[in-house]
Every structure is written in C-alpha cells, then in structure tokens.
Amino acid sequence: MTGSHRAATTTRRGTGGAARDRRSGRTRIRIVLAAAVSLLVLVTAGAGWAYLRLNGNIDTFGADGISDHRPAAASDGQNVLVIGSDARTAGNSELGGGDKNDIGRSDTAFLLHVYADHRHAVAVSIPRDTLLTIPPCKLPDGSWTETRHQAMFNEAYTVGSTAEGNPACTQNTVEKLTGLRVDHTVVVDFKGFSALTEVVGGVEVCVPQDIYQKDLNPGRATRGKRLFAQGVQTVSGQKALDYVRIRHGIGDGSDIGRIQRQQAFVGSLIKKVKSDGLTPTKLLPLADAATTSMTVDPGLGSADKLVSFAMSLKDIDLNDTRFVTVPWRYEGARVAIVEPDAGALWAALKADRTLDGQDAGGGSDADGKGTDASKSADASKSADEEAPAEDISVTVHNGTRVTGLAARAAAVLEASGVTVTGTATASSQDHRTTVIEYGPGREAEARTLARLLGTGELRSTTGGGLDVVLGQSYADQAPGTSSGADSATASPAPSEVPAEVAEGARTADEDLCAALSYG
C-alpha cells in the first residue's frame with residue numbers, strides 16, 4: 001500500500017468518525033430535550049394533581065343559610081371571618097377531648113379586614129361570651145329562627161344543634177354586629193390547626209409561667225404534669241393546640257386573656273409563613289394540611305381561589321398586620337360591647353381607615369396613602385359609578401321608630417366627607433328598606449351614599465334633590481342602634497378610633513412575650 005493510499009484511507013475514517021460524533025451529539029440533545037419535556041410534564045401533572053387533591057379536601061357550607069339582608073360589598077378590600085371550631089367529629093375528639101357525638105361549637109372567631117390597598121390588615125377578635133343580637137338563621141329543616149337579643153356570640157354557631165355547627169349563622173351575626181359585609185368565611189377545626197402548625201415546622205410562642213395539666217383541664221383533681229415551661233419555645237401539633245386553648249392559670253383566667261395569646265400565636269404563625277416565602281410551591285403543602293379539616297363558603301371552595309387569596313396578602317408587612325379585640329367590658333360573667341367605641345371601629349374599617357387614622361383605601365405607595373396618580377386613575381375608573389363623598393350634600397330622614405337613627409347615619413356620612421344639610425323624621429315610620437332618592441345627574445352620588453351606608457335602594461325622581469330615607473334595613477345593621485336614647489352624636493369619626501383601642505392593638509412582629517393576658 002502506497003503512502004498516498006494510506007493517507008486517503010485515514011481521511012475517510014476521520015470523516016466517518018466526525019459524522020458519528022455529530023449523530024451522537026444530536027442523540028444526546030434529543031435525550032436532554034426529551035428528559036426536559038418529561039420533567040415539565042411531570043411537574044405540570046404534579047401541580048395538577050396537587051390542585052385536584054386540594055379541591056377534594058375542601059368542604060363548603062351552603063350559601064342558602066346566609067341572610068338576604070346584607071351590607072353592601074366593599075369595592076376593593078375584603079372581610080374574612082375566621083372561626084375556630086371545636087367540633088368533635090372526624091377524629092377531632094382525640095385532640096380536644098369531649099364527646100364525639102356532641103354538637104359543633106366555636107370558642108374562637110375573628111374578622112380579618114384586608115384594606116383596599118392590600119398593604120394593611122387588621123383582625124378583630126370577638127369574645128365568645130359577648131352579648132349581642134343573633135339575627136334569623138336557617139335550621140336543618142329549612143325553617144328560620146326568630147331574632148334573639150342579648151344572646152352569647154358563640155350560640156350562633158350552635159343554632160340547629162348539628163355536629164358540624166352553623167357557620168352561616170355566625171356570619172349573619174357578624175354582619176349584623178358590624179355593618180360590614182363578610183366576603184368569605186373559613187372554619188378550621190382541631191385537626192386542621194394541628195396539621196398546619198406541623199407543616200410549617202412549628203410556631204414560636206412565649207409562655208408567661210409554667211403551665212400544668214390542670215390549667216388546661218380545671219376539672220382535674222391534681223395539678224398533673226407540666227405541659228409548658230416558662231419562656232419562649234416552639235410548638236406544633238397537639239402542643240400548639242394546647243397553647244391556644246389554655247385559659248386557666250394565666251392572668252385572670254378569662255377568655256379575653258386567652259384571646260390575647262391567640263392573637264400573639266396567629267401573628268407568630270404569619271411571621272413564620274412569610275419568612276418561608278409566600279409562593280405557590282410553599283403554599284400548596286400548607287393548603288393541603290389546612291384543607292383536610294377546613295370548611296369554607298362557596299366563594300372559596302376551590303384550591304386556586306384559596307391560594308389566590310393567600311397570595312393577595314403577600315404585600316402586607318408584619319408591622320401593618322394588626323390584632324385587636326372589639327371594645328368590651330364585663331357584664332357579670334359575660335362580655336358587653338362598649339359603644340360608641342365599637343361603632344367607631346366598624347366605621348373606620350368600612351371607610352378603610354387604619355387604627356391610627358391612615359387612609360388605606362387603595363393607594364399603591366408604601367405607606368398605603370396612595371399617590372396622586374393612582375388616586376386619579378381610580379377616580380377615573382369609577383367616575384361613572386360613584387361620586388367623591390366630599391362633593392355630596394344630602395338630607396337624611398328617619399323612616400323608622402328607632403330613635404336617633406338619622407343622627408347616627410348622618411355621623412357615618414359626615415365622617416366620610418359627605419355634607420349632611422339636615423336630619424328629619426320621614427312622613428311615615430314604617431319603611432322596611434332604605435331608599436336613596438336622587439334627581440337628574442345625581443345617580444353617582446346616590447351610589448356613593450348606598451356604599452357608605454351599607455344599604456339603600458336607588459330611586460330616581462324628577463326633582464333635583466338628594467335625600468336618604470332610612471328604613472329598618474339600616475336599623476338592623478347599624479352598630480349600636482337602640483330603640484332608646486340617641487347615642488349617635490357621641491360617635492367619633494372613622495379616623496378617630498378611640499386611643500385605647502388603637503393603643504391596645506398588637507402587630508404580627510411584636511415582642512412574643514408582651515401583653516399575653518389581662519390581670
């Protein structure tokens with residue numbers, strides 16, 4: 001074989017090797033792409049499976065038990081009622097004791113108001129022994145109860161005496177008490193609470209003193225073993241449940257004192273969740289744990305709605321997440337609501353005023369007050385729907401026999417910037433529905449009044465005026481109304497939440513060991 005022949009042969013082999021290398025490279029690329037596509041399919045399928053699993057976990061209660069007479073919905077903010085149920089069904093009796101055939105009860109409830117700017121939130125606790133009015137509620141047989149006055153708040157959840165309780169009745173009661181529309185209701189039982197604390201890896205709490213078994217169960221004959229040592233510690237599962245349920249042996253041993261510890265616990269839980277990251281990847285395991293023992297209203301009855309709601313809270317700083325108890329005083333062994341302080345608190349929330357008087361009605365800047373540009377955009381967007389409160393002048397008439405109702409409504413409107421030119425008694429006092437009569441070109445003003453009052457049927461007239469005729473629909477929802485002397489004139493404006501209420505609030509990043517009990 002000649003040298004040239006050998007050279008040619010070597011060249012042909014080199015060309016063939018390069019071709020094989022190219023084919024091998026393309027094969028590797030195809031394998032990598034196939035693996036990537038397969039991984040994507042698996043991840044997508046996994047997410048889909050997770051959502052299907054969550055959807056299968058979620059129980060909803062019937063909307064047919066929610067009252068037809070409700071406050072108007074807020075434009076951008078949300079009110080979420082959170083109820084802690086001590087139902088003994090589905091394994092809960094093992095965690096909390098008691099008869100598994102007992103009726104469902106609720107010892108814990110708070111109304112979470114998420115302001116329209118989605119940068120502030122406040123949770124208002126309502127003590128279980130609070131004396132208030134429970135409006136008509138639906139029974140299992142389809143009939144409705146009569147209104148009950150001076151009833152304890154937690155009795156609303158037991159209406160119908162069912163094992164699962166009556167969250168719709170509690171929602172109706174909160175709307176009656178506050179004059180605020182409850183957008184969503186969430187019920188969490190022992191199992192859901194316990195599982196949630198385990199998934200987050202425990203929640204840091206502070207115990208003001210050593211706690212023993214007798215403090216959790218005062219019926220015990222002996223002190224029993226120590227459950228908690230004094231100081232800061234991390235709790236989860238049964239231990240977390242014991243912490244939030246302990247009432248005796250700390251402070252004055254009251255339910256009010258327990259509420260303060262529960263507020264501290266929820267603040268610490270929020271802090272832990274936010275530190276881990278509010279992303280769908282992080283939220284799905286939490287949602288899976290919570291939804292196994294959660295009941296919600298139909299509006300939250302799917303995984304995507306629950307996760308979407310949770311994600312809407314991600315921009316609220318810990319310092320702007322606050323907890324407060326409705327203004328209260330003891331009335332014997334029960335709790336009475338203090339007016340006009342409570343009315344001022346509800347009015348502030350309705351007007352999207354924070355506890356310290358900030359306007360949190362939809363601005364996008366860091367302090368929640370909103371830039372001029374964002375306010376102009378919002379005003380332009382709703383110009384054909386509502387008018388600025390400051391541009392409205394109206395006369396308020398009392399169409400009921402509830403003394404002082406016109407003055408109370410006038411105080412609410414004036415606190416929001418409306419000019420009330422006068423109050424008067426209507427020609428008849430048997431109006432069931434509040435009517436807002438408006439002349440040509442004033443419908444936008446009438447819509448604003450309906451929102452501020454939380455009720456109102458708009459009715460056009462040929463005259464040029466603007467009048468509100470209050471009906472029983474407003475009397476039924478107006479906080480603090482009574483058939484006796486008028487107390488409305490003493491009601492502070494929404495930006496004037498009483499100092500003791502604002503100063504008594506705690507934030508989600510507050511010192512864990514601060515203000516854990518009364519007494």
Side-chain angles (χ1 to χ4, degrees), residues 57 59 82-100 102-110 123 125 127-128 154 157 163-165 167 186-220 223-251 253-273 285-295 323 512 516-517:
N57 289 346
D59 290 326
V82 179
I83 302 171
S85 168
D86 65 354
R88 276 20 181 198
T89 57
N92 283 286
S93 57
E94 285 77 10
L95 291 171
D99 185 352
K100 65 181 180 180
D102 202 357
I103 63 174
R105 291 187 173 87
S106 170
D107 284 345
T108 303
F110 62 82
S125 296
R128 65 177 185 175
N154 66 343
Y157 196 77
E164 62 273 14
V186 177
V187 182
V188 181
D189 66 17
F190 287 168
K191 285 176 63 179
F193 177 87
S194 177
L196 184 63
T197 61
E198 289 178 340
V199 168
V200 299
V203 178
E204 195 172 46
V205 299
C206 181
V207 182
Q209 64 198 57
D210 289 352
I211 300 296
Y212 295 85
Q213 286 178 304
K214 188 175 177 62
D215 298 320
L216 183 62
N217 181 11
R220 284 182 58 95
R223 184 173 72 169
K225 67 179 182 180
R226 188 173 67 177
L227 298 177
F228 297 94
Q230 181 182 12
V232 176
Q233 55 209 274
T234 299
V235 297
S236 64
Q238 180 73 60
K239 196 109 175 178
L241 188 60
D242 289 344
Y243 176 85
V244 298
R245 294 184 66 223
I246 289 172
R247 180 160 62 96
H248 303 280
I250 302 179
S254 70
D255 185 53
I256 297 288
R258 177 167 62 179
I259 283 174
Q260 289 191 298
R261 292 187 295 279
Q262 290 171 345
Q263 291 173 344
F265 184 93
V266 174
S268 185
L269 173 61
I270 292 172
K271 186 175 183 179
K272 179 63 183 296
V273 172
L286 299 182
D288 186 34
T291 53
T292 54
S293 301
M294 176 185 286
T295 302
F323 300 87
L512 281 175
L516 290 177
S517 179

[atom1]/[X] to [atom2]/[Y] distance, rounded to the nearest 0.5 angstrom?
{"X": "K272", "Y": "T197", "atom1": "NZ", "atom2": "OG1", "result": "10.0 Å"}
{"X": "Y243", "Y": "L216", "atom1": "OH", "atom2": "CG", "result": "13.5 Å"}
{"X": "R245", "Y": "D215", "atom1": "CZ", "atom2": "CG", "result": "13.0 Å"}
{"X": "L196", "Y": "L269", "atom1": "CG", "atom2": "CG", "result": "5.5 Å"}
{"X": "L227", "Y": "Y212", "atom1": "CG", "atom2": "OH", "result": "9.5 Å"}
{"X": "L516", "Y": "Q209", "atom1": "CG", "atom2": "CD", "result": "10.5 Å"}

Inset, instruction - Kindly indicate, with the supporting measurements, whether the criterion side-chain contact (heavy atoms from CB on, under 4.5 Å) is fulfilled by E164 and T295. - result: CA-CA 9 Å; E164 62 273 14; T295 302; over 6 Å; no
Legend entry - Pairing residues for R258 by the side chain to side chain donor-acceptor pair (under 3.5 Å) criterion, not counting sequence neighbours: D255
Inset, instruction - Would you mind listing every salt bridge (charged side-chain N to carboxylate O under 4.0 Å, His left out) that reaches into residues 229-241, with sequence neighbours excluded? - result: none
Legend entry - Side-chain heavy atoms of V235 within contact of F228, under 4.5 Å: yes
Inset, instruction - Would you check if T108 and I83 make a side-chain contact, meaning some heavy-atom pair closer than 4.5 Å? - result: no
Inset, instruction - Establish, from distance only, whether the side-chain atoms of Q213 and N217 form a donor-acceptor pair under 3.5 Å. - result: no
Inset, instruction - Could you list the residues that satisfy side chain to side chain contact (heavy atoms under 4.5 Å, CB included) with E198, not counting sequence neighbours? - result: S194, S236
Legend entry - side-chain contact (heavy atoms from CB on, under 4.5 Å) evaluation trace for V187 with M294: CA-CA 6 Å; V187 182; M294 176 185 286; over 6 Å; no
